[in-house]
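Note on naming: letters A, B, ... go to the chains in the order of the sequence lines (proteins, then strands), and numbering restarts at 1 for each one.
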Amino acid sequence: MSYHFNDIEANWQKYWAENQTFKASNTSDKPKYYVLDMFPYPSGAGLHVGHPLGYIASDIYARYKRHKGFNVLHPQGYDSFGLPAEQYAIQTGQHPAITTDTNIKTYRRQLDQIGFSFDWSREVRTSSPEYYKWTQWIFIQLFESWYNKDNNQAESVDTLISMFSSEGNANINADCDDDITIFSSEEWNGYPSEEQQDILLKYRLTYLAETEVNWCPALGTVLANDEIVNGVSERGGHSVMRKKMTQWSMRISAYAERLLQGLDTIDWTDSLKESQRNWIGKSVGASVTFDVNDHDEIIDVFTTRPDTIYGVSFMTLAPEHDLVSKITTEDQKAEVDAYIQATAKRSERDRMADVKTISGAFTGAYAEHPFTKQSLPIWIGDYVLAGYGTGAVMSVPCGDQRDYDFATHFNISIPNIFEGVDISEEAYGSKDNVKITNSDFLDGLNCKKASKTAIYELEKLGQGEGKTNYRLRDAVFSRQRYWGEPFPVYYVNGKPQMIAKEYLPIRLPEVEKYLPTEEGEPPLGRADVWAWDTNTNTVVSNDLCHSEQSEESHNGVYPLELNTMPGWAGSSWYFFRYMEDAMRDEAFASEDALNYWENVDLYIGGSEHATGHLLYSRFWVKFMKDRGFVNVEEPFKKLINQGMILGTSAFVYRVNFSTSIFGTFESKSEEEKKYRNEVSKLIPSIFVSKNFFDGKSLLEFSDFMKEKHLKTYQNKDILEKVKSLKEKDSRIISINTHVSNVTDTLASNINKINVKVEYVNASDELDIKGLKQDKEFGEDYASAIFIGNNGEIIESDNDVYKVGREVEKMSKSKYNVVNPDQIVKDYGADSLRLYEMFLGPLEQAKPWNTSGITGVHGFLKKLWKLYIDDNGLKVNDAEPSKEALKTLHKTIKKVEDDIENFSFNTSVSTFMIASNELTAQKCTSKAILEPFLVLLSPYAPHIAEELWSRLGNDPSISTVPFPKFEEKYLVESSKNYPISFNGKMRFTLELPLDMNKDDIEKIVMAHEKTIAQLDGRTPKKVIIVPGKIVNIVG
RNA sequence: GCUGAAGUGGUGGAAUUGGUAGACACGUUGGACUUAAAAUCCAAUGUCCCCUGGGACGUACGGGUUCAAGUCCCGUCUUCAGUACCA
């Protein structure tokens, strides 16, 4: 009887499903444990071997906890709203719901065949109306809340309204928009309803406001800060620009301090906490007010260095700052306008790529120094960001390098206020070991004291105060997309109104196309039935609603919101929905369920969500706690990031190196050849026709390369590496020092440019996509690629390329994806599970190498043979041997420790060692082999269940108690002592463990090998650590 | 630049408090079985040197502490990830 894993695995998966083995109960005497995976977005490509890594780890932990007597909740679901399904819908006209459904079926099939112990009865899908009803409900709650800074929590807007009408807003300490004016209760009560609504909007935790947003024209939507990576959209890599738009926002900034403090209470990795701390970006300093000369205006700035107030020699405003137009003088107007226009044209990416160029313009206006009353010129410069602080800075060139560079460039004075510090070369940014000078009342103080004193004096003048600033911005919550949660919002005279809870969910309407309308409205603008009838409280046809109708003739029918919610809306609270039946309609989860499960004990997922999902969920949970909807302050107690499984991509290097951007080398010294060779490796090539390249910017070119799945390295990698080479040898490349230079060089001097080509079909590594294998040079070589005048890819047999391998992120676009289906078919789910764990530490990124799976598969086959051979079951009731008991108990201890420490890779090798030992011992004892199956079952549940039942036990093994470790079986009577000389181990000696130091020394010193080692010398010292080591120093 | 993590054989990776570096696998080589292959089993496998048995060197590099350092301390380099005109 051999190991037929396919049949065994299918049988047990069927058994688990039919018997609902892993269904969690909300009532139990056992302690609870909640293990959660970050739920997947069901993409069309299905799972690759990287996806299940975290699921396998959490599954092992969940199964282990069941063996340990916990009531385990281990659910799974789908984050099923999102861009890819919508993009696919735009291209094919297929409804995203259908695509999503198909993809979910694929995911489910793939997940099921790996044997996870998920409780599928609690499955959630963020795109199902039963689910997003509650996402909408939470949105309404946010709208109905404001943040009270006095008691540091969110409260109902009703309390705000009653305070307004009884005492006005003068004493209210709220987190709200900056431009709130003070009003009395009489004034409030006298305001028309619409004005009251406008005021309340400035206090609500989700609010509609015109803000500067990241607009992505290619995607046709706005993006949140965390959806932008390196100045381009995270999805698709499209360019992003700043634009003012009226959008829904979430007042997450109100929670900045609590989000920061909360990090100390949770068990997450330091790096992840650090990312969140950076993202929140707390800085302590002061706000200072400067009067503008000859104007009524003031400039507010934020500074972390109030101690340097006497070092201020000018002011700088962001080009977008409101004041700029008001204070610019006639003479300077032309220059300032030109500068503003120039900066507005630059994309975020350009601005980021080029931080070294100093630019700015003088407004002609002056501000007054609060203490010296000196006139300070007011400049604008794009190194000051409109989005941070107040969009204005007090420039202290002696203390800040950016101010220093700006002052040097525009010839502004650089007063020095640091005692004994030389600032002729650069600014002195440090706060340490320096005293302030030339600063009147601050003279002689250190920076810390000077800061406090300066703030005190500013407060006396009424021109400043201590202030804490956060980098964390309010999160834009509107998306101009179809496939997301609709807002439960309609508009009366342009003022947003919430739809009452009992009419939720507001279902996503049907549209005939998933694109924006011709008028530029979001896709929901195409829906025919998308207006709110306040008489019937239903969604009705748009025909009944005419926005141009007067207030009297609207008939109670109003337009509905056209935006949808962003991807993170649904994922910010889904962990609560799992707490009971996901179809429940009376509440998002019952109070009992919330009280019982509390929050997630163990959360496993990728670190790419550090500043998105993981921050937003924490924000929503804190809000829900404030309003009494849940009773926990943090969603995830412990969090582990699984590392990425990397794929191996193949690419080609150019071998013969004829024409190059480096010009021709006349002499061919070995030295030069070496460098050329090195350079050619750095910049392996494909050839691009000059005609094709002409007129294209580097950016456009790189977009083209991306489209063709070719990777360019010009910008950063190549240039930096080339630069380092240049430093080694000046003959190399006097051409390439700046990006612009390369562009020029490429465009004018040559008709070939060198870039790296990669991506071939990794499923058949040697069948290089688009390339022919070169016969002469063997299979590791391939012919060249040309890119023709029209961007077509042409093969050539003139040049020869070496095929290389590089390990990188697994992705469909890189042709390096390994599908788990094939692995499961060939080796079985248990092999896949063991192998993914065996690859290395969970948190670490590691390359996938399919050939290694034979190792764990071989282990399972050997294990099978330990229990069953051609004659059937080998296991009997024989007394276990001492060695077998030792093997078992040392394995129990190691596996238990490993699981508790999430060190799954080392337990797999422990199983192998145990299995090898038991085989060598010819162990057939049930007393050993039966508990061994329980140890293995979290890792390889199918084979464990099968052998468990073949041993005559009732299924399922999944709730059998974990074997108890007993120290007594490991007690040894002797120790194989390593005998070292000067710390180097020379030989070993078996000695009884209870032997004392003196006896050990006598025996060791008398040993012939010791005498040989010492060669007549007398040792200076003999170190003996009983039970550990003997070291002879001589 | 800043923050975080990490550098160990041909490869993935082990090594509990400082105590026998390289567990467990992959790969490679040799052998057994076989007409042959697959599968399976056995042996060897850090590098170098005399090759019976040993010896020297070895955990990115340079120092230090210690009887003893992959592990602790100081400095340097490299890689990966995140982040960045954040005032």
Exercise. When the nearest nucleotide of RNA chain B is assigned to Val1030(A) and to Tyr470(A) on a heavy-atom basis, which residue is associated with the more 5' position?
Worked result: Val1030(A)

Exercise. Pick the nucleotide of RNA chain B nearest each of Val1025(A) and Pro841(A); which residue has the one closer to the 5' end?
Worked result: Pro841(A)

Nucleotide nearest [X] when distance is taken to its side chain, options [options]:
{"X": "Ile913(A)", "options": "A23(B), G12(B), U40(B)", "value": "A23(B)"}
{"X": "Lys1021(A)", "options": "C67(B), A87(B), A14(B)", "value": "C67(B)"}
{"X": "Ile1029(A)", "options": "G19(B), C24(B), G12(B)", "value": "G19(B)"}
{"X": "Thr854(A)", "options": "G19(B), G12(B), C26(B)", "value": "C26(B)"}
{"X": "Lys862(A)", "options": "G82(B), A87(B), C41(B)", "value": "C41(B)"}
{"X": "Thr303(A)", "options": "G19(B), A87(B), C24(B)", "value": "A87(B)"}
{"X": "Val384(A)", "options": "C57(B), A87(B), U20(B)", "value": "A87(B)"}
{"X": "Pro847(A)", "options": "A87(B), C41(B), G12(B)", "value": "G12(B)"}
{"X": "Asn916(A)", "options": "A23(B), A25(B), G13(B)", "value": "A25(B)"}
{"X": "Ile1023(A)", "options": "G19(B), A21(B), G12(B)", "value": "G19(B)"}

Is [X] close enough to [N] that one of its side-chain N or O atoms is under 4.0 Å from OP1 or OP2 there?
{"X": "Arg986(A)", "N": "U20(B)", "result": "no"}
{"X": "Lys846(A)", "N": "G12(B)", "result": "no"}
{"X": "Lys861(A)", "N": "U40(B)", "result": "yes"}
{"X": "Asn849(A)", "N": "A25(B)", "result": "no"}

When we call it a touch if two heavy atoms are under 4.0 Å apart, what does [X] touch: a base, just sugar-phosphate, or nothing?
{"X": "Asn905(A)", "value": "sugar-phosphate"}
{"X": "Ser909(A)", "value": "base"}
{"X": "Phe911(A)", "value": "nothing"}
{"X": "Thr988(A)", "value": "base"}

Considering only atom [atom1], compute the distance from [N] to [M] and round it to an integer number of Å.
{"N": "C67(B)", "M": "A84(B)", "atom1": "P", "value": "50 Å"}
{"N": "G13(B)", "M": "U17(B)", "atom1": "C1'", "value": "23 Å"}
{"N": "G9(B)", "M": "C61(B)", "atom1": "P", "value": "10 Å"}
{"N": "U47(B)", "M": "G58(B)", "atom1": "C1'", "value": "8 Å"}
{"N": "G82(B)", "M": "U29(B)", "atom1": "C1'", "value": "44 Å"}
{"N": "A23(B)", "M": "A15(B)", "atom1": "C1'", "value": "8 Å"}
{"N": "U71(B)", "M": "G7(B)", "atom1": "C1'", "value": "14 Å"}
{"N": "G4(B)", "M": "G10(B)", "atom1": "C1'", "value": "31 Å"}

Which base, if any, makes a Watson-Crick or G-U wobble pair with [N], both distances under 3.5 Å?
{"N": "U52(B)", "answer": "none"}
{"N": "U16(B)", "answer": "none"}
{"N": "C26(B)", "answer": "G10(B)"}
{"N": "C57(B)", "answer": "G46(B)"}
{"N": "U34(B)", "answer": "none"}
{"N": "G62(B)", "answer": "C74(B)"}
{"N": "A84(B)", "answer": "none"}

Could you state the [atom1]-[atom2] distance from [X] to [N], rounded to the nearest angstrom?
{"X": "Lys1009(A)", "N": "G53(B)", "atom1": "NZ", "atom2": "C1'", "value": "10 Å"}
{"X": "Asp898(A)", "N": "A23(B)", "atom1": "CG", "atom2": "C1'", "value": "13 Å"}
{"X": "Gln844(A)", "N": "A81(B)", "atom1": "CD", "atom2": "C1'", "value": "13 Å"}
{"X": "Lys894(A)", "N": "A14(B)", "atom1": "NZ", "atom2": "C1'", "value": "8 Å"}
{"X": "Leu317(A)", "N": "A87(B)", "atom1": "CG", "atom2": "C1'", "value": "13 Å"}
{"X": "Asp270(A)", "N": "A6(B)", "atom1": "CG", "atom2": "P", "value": "10 Å"}
{"X": "Leu615(A)", "N": "U83(B)", "atom1": "CG", "atom2": "P", "value": "13 Å"}
{"X": "Glu274(A)", "N": "A5(B)", "atom1": "CD", "atom2": "P", "value": "9 Å"}

Exercise. Using the benzene-type ring in the case of Trp, are the ring centres of Tyr939(A) and Phe911(A) under 6.0 Å apart?
Worked result: yes

Problem set entry | No-hydrogen, no-angle side-chain donor-acceptor test under 3.5 Å, Asp405(A) and Tyr383(A) | no

Exercise. According to the interplanar angle, ranging from 0 to 90°, do the rings of Phe838(A) and Tyr835(A) count as parallel (below 30°), tilted (30 to 60°) or perpendicular (above 60°)?
Worked result: tilted

State whether [X] and [Y] are salt-bridged, where the test is any N-O pair (Lys NZ or Arg NE/NH1/NH2 against Asp/Glu carboxylate O) under 4.0 Å.
{"X": "Asp270(A)", "Y": "Arg277(A)", "value": "no"}
{"X": "Glu836(A)", "Y": "Lys846(A)", "value": "no"}
{"X": "Asp869(A)", "Y": "Lys865(A)", "value": "no"}

For this session: Tell me whether the guanidinium CZ or amine NZ of Lys282(A) lies under 6.0 angstrom from the six-membered ring centre of Tyr470(A) and within 45° of its axis.
Result: no

For this session: Please tell me if the side chains of Met837(A) and Leu53(A) come closer than 4.5 Å, counting only heavy atoms from C-beta onward.
Result: yes

Problem set entry | Option from Phe406(A), Phe410(A), Phe290(A) for which ring pair (Phe, Tyr, Trp, His ring centres under 6.0 Å) with Phe314(A) holds | Phe406(A)

Exercise. Is the base of G9(B) syn or anti, if syn means a glycosidic angle within 90° of 0?
Worked result: syn

